[in-house]
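Remarks on the structure that follows.
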Amino acid sequence: MSGPDSNPVAGLGGLLDASPRVESTLPCRDAEDADLWFADTPAELERAKSLCASCPVRAECLAGALRREEPWGVWGGEIFQRGSVIARKRPRGRPSKAALARDRALADAGAPL
(Lines give C-alpha, C1' and ligand atoms only; values in the text may rest on other atoms or scores of the structure.)
Protein backbone atom coordinates (compact mmCIF):
# COMPACT_ATOMS: atom_id res chain seq x y z
CA MET A 1 0.00 0.00 0.00
CA SER A 2 1.40 3.39 -0.88
CA GLY A 3 0.31 6.96 -0.36
CA PRO A 4 -0.02 9.27 2.60
CA ASP A 5 -2.23 6.86 4.58
CA SER A 6 0.32 4.02 4.47
CA ASN A 7 2.78 5.85 6.71
CA PRO A 8 1.17 7.93 9.48
CA VAL A 9 4.36 9.94 9.94
CA ALA A 10 4.60 10.86 6.25
CA GLY A 11 3.59 14.42 5.66
CA LEU A 12 4.39 15.65 9.14
CA GLY A 13 8.11 15.58 8.41
CA GLY A 14 7.50 17.66 5.33
CA LEU A 15 5.51 20.16 7.35
CA LEU A 16 8.24 20.48 9.94
CA ASP A 17 11.04 20.61 7.39
CA ALA A 18 9.28 23.17 5.22
CA SER A 19 10.45 26.73 5.59
CA PRO A 20 8.23 28.46 8.13
CA ARG A 21 6.78 31.86 7.40
CA VAL A 22 9.16 34.72 8.06
CA GLU A 23 7.11 36.04 10.98
CA SER A 24 6.93 32.69 12.74
CA THR A 25 9.16 29.84 13.84
CA LEU A 26 8.59 26.31 15.05
CA PRO A 27 9.18 26.26 18.81
CA CYS A 28 10.07 22.56 18.85
CA ARG A 29 12.83 23.20 16.30
CA ASP A 30 14.15 26.37 17.93
CA ALA A 31 14.13 25.16 21.54
CA GLU A 32 17.41 24.92 23.39
CA ASP A 33 16.20 21.73 25.08
CA ALA A 34 14.42 19.36 22.69
CA ASP A 35 13.71 17.00 25.62
CA LEU A 36 11.30 19.60 27.01
CA TRP A 37 8.50 18.08 24.88
CA PHE A 38 9.09 14.70 26.55
CA ALA A 39 9.79 15.89 30.10
CA ASP A 40 8.79 14.01 33.25
CA THR A 41 7.69 16.97 35.33
CA PRO A 42 4.28 18.57 34.88
CA ALA A 43 5.76 22.08 35.03
CA GLU A 44 8.09 21.41 32.10
CA LEU A 45 5.27 19.86 30.06
CA GLU A 46 3.11 22.93 30.72
CA ARG A 47 5.99 25.10 29.54
CA ALA A 48 6.23 23.06 26.32
CA LYS A 49 2.47 23.41 25.82
CA SER A 50 2.72 27.17 26.18
CA LEU A 51 5.52 27.30 23.59
CA CYS A 52 3.26 25.48 21.12
CA ALA A 53 0.62 28.22 21.36
CA SER A 54 2.18 30.35 18.60
CA CYS A 55 3.25 27.47 16.33
CA PRO A 56 2.03 27.80 12.73
CA VAL A 57 1.64 24.00 12.31
CA ARG A 58 0.04 23.34 15.69
CA ALA A 59 -3.22 21.91 14.29
CA GLU A 60 -1.40 19.65 11.82
CA CYS A 61 0.98 18.46 14.54
CA LEU A 62 -1.91 17.59 16.86
CA ALA A 63 -3.84 15.83 14.09
CA GLY A 64 -0.78 13.76 13.17
CA ALA A 65 -0.13 12.81 16.78
CA LEU A 66 -3.75 11.72 17.22
CA ARG A 67 -3.57 9.63 14.03
CA ARG A 68 -0.32 8.00 15.17
CA GLU A 69 -1.57 7.59 18.75
CA GLU A 70 1.67 9.05 20.09
CA PRO A 71 2.54 7.28 23.36
CA TRP A 72 3.81 10.36 25.21
CA GLY A 73 5.03 13.92 24.91
CA VAL A 74 3.63 17.29 23.94
CA TRP A 75 2.24 17.40 20.40
CA GLY A 76 0.25 20.29 18.98
CA GLY A 77 0.04 21.94 22.38
CA GLU A 78 -1.48 18.91 24.11
CA ILE A 79 0.01 16.36 26.50
CA PHE A 80 -0.15 12.75 25.33
CA GLN A 81 0.06 9.80 27.69
CA ARG A 82 -0.46 6.22 26.51
CA GLY A 83 -1.76 7.44 23.16
CA SER A 84 -4.44 9.76 24.55
CA VAL A 85 -4.62 13.48 25.24
CA ILE A 86 -4.67 14.34 28.94
CA ALA A 87 -5.48 17.71 30.50
CA ARG A 88 -2.38 17.71 32.68
CA LYS A 89 0.19 15.34 34.03
CA ARG A 90 0.20 14.62 37.71
CA PRO A 91 3.49 14.80 39.58
CA ARG A 92 5.05 11.59 40.86
CA GLY A 93 3.98 10.31 44.23
CA ARG A 94 0.75 10.31 46.12
CA PRO A 95 -1.59 13.19 45.21
CA SER A 96 -2.58 15.65 47.90
CA LYS A 97 -6.12 15.74 49.23
CA ALA A 98 -6.56 19.15 47.59
CA ALA A 99 -5.50 17.76 44.21
CA LEU A 100 -7.89 14.82 44.59
CA ALA A 101 -10.74 17.18 45.48
CA ARG A 102 -9.92 19.40 42.48
CA ASP A 103 -9.85 16.40 40.15
CA ARG A 104 -13.15 15.14 41.56
CA ALA A 105 -14.76 18.57 41.00
CA LEU A 106 -13.42 18.71 37.43
CA ALA A 107 -14.70 15.20 36.71
CA ASP A 108 -18.13 16.10 38.08
CA ALA A 109 -18.14 19.13 35.77
CA GLY A 110 -17.33 16.87 32.79
CA ALA A 111 -13.73 18.01 32.24
CA PRO A 112 -11.36 15.36 30.84
CA LEU A 113 -8.72 14.14 33.27
Side-chain angles (χ1 to χ4, degrees):
M1 181 170 157
S2 65
D5 292 334
S6 63
N7 181 356
V9 180
L12 184 59
L15 276 173
L16 295 178
D17 290 335
S19 297
R21 293 182 292 238
V22 174
E23 69 273 10
S24 62
T25 60
L26 301 178
C28 57
R29 297 291 179 148
D30 292 339
E32 293 177 16
D33 182 12
D35 292 334
L36 180 65
W37 276 262
F38 301 96
D40 287 328
T41 65
E44 288 177 323
L45 291 174
E46 290 299 324
R47 183 168 162 246
K49 281 176 56 175
S50 70
L51 291 173
C52 290
S54 62
C55 183
V57 295
R58 180 179 178 190
E60 294 89 345
C61 179
L62 178 58
L66 288 168
R67 253 191 332 273
R68 294 186 306 275
E69 298 179 1
E70 285 292 340
W72 67 84
V74 174
W75 296 89
E78 299 293 338
I79 299 173
F80 280 74
Q81 186 173 17
R82 296 185 192 116
S84 299
V85 174
I86 60 171
R88 68 187 171 285
K89 182 176 179 179
R90 291 185 175 147
R92 296 179 80 173
R94 186 174 182 170
S96 68
K97 289 181 181 180
L100 290 172
R102 180 194 63 226
D103 288 350
R104 195 172 301 114
L106 287 171
D108 290 344
L113 296 177

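This one's a predicted model, so the numbers in the text were calculated from it and none came from an experiment.
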- Message: To the nearest 0.5 Å, what is the distance between OG on Ser84 and CD on Glu70?
- Response: 12.0 Å
- Note on the structure: Minimal heavy-atom distance between Leu36 and Leu45, with the atoms involved, is O-CD2, 4.1 Å
- Going by an N to O cut-off under 4.0 Å, is there a salt bridge joining Glu44 and Arg47? no
- Message: Any side-chain to backbone donor/acceptor pair from Arg68 onto Gly64? Under 3.5 Å, distance only.
- Response: yes
- Rounded to the nearest 0.5 Å, how far does CD of Glu78 lie from CZ of Arg58? 6.0 Å
- Test side-chain contact (heavy atoms from CB on, under 4.5 Å) applied to Trp37 and Leu51, step by step: CA-CA 10 Å; Trp37 276 262; Leu51 291 173; 3.9 Å; yes
- Message: Checking side chain to side chain contact (heavy atoms under 4.5 Å, CB included) between Phe80 and each of Val74, Val85, Ile86, which is the one that passes?
- Response: Val85
- Item | side-chain contact (heavy atoms from CB on, under 4.5 Å) assessment of Trp72 paired with Gln81 | CA-CA 5 Å; Trp72 67 84; Gln81 186 173 17; 5.8 Å; no
- Task: Start with the C-alpha distance between Trp75 and Cys52, add both sets of side-chain angles, then the distance that settles side-chain contact (heavy atoms from CB on, under 4.5 Å), and finish with yes or no.
- Result: CA-CA 8 Å; Trp75 296 89; Cys52 290; over 6 Å; no
- Query: Can you name the nearest heavy-atom pair linking Cys61 to Gly76, along with the distance?
  - Reply: SG-N, 3.3 Å
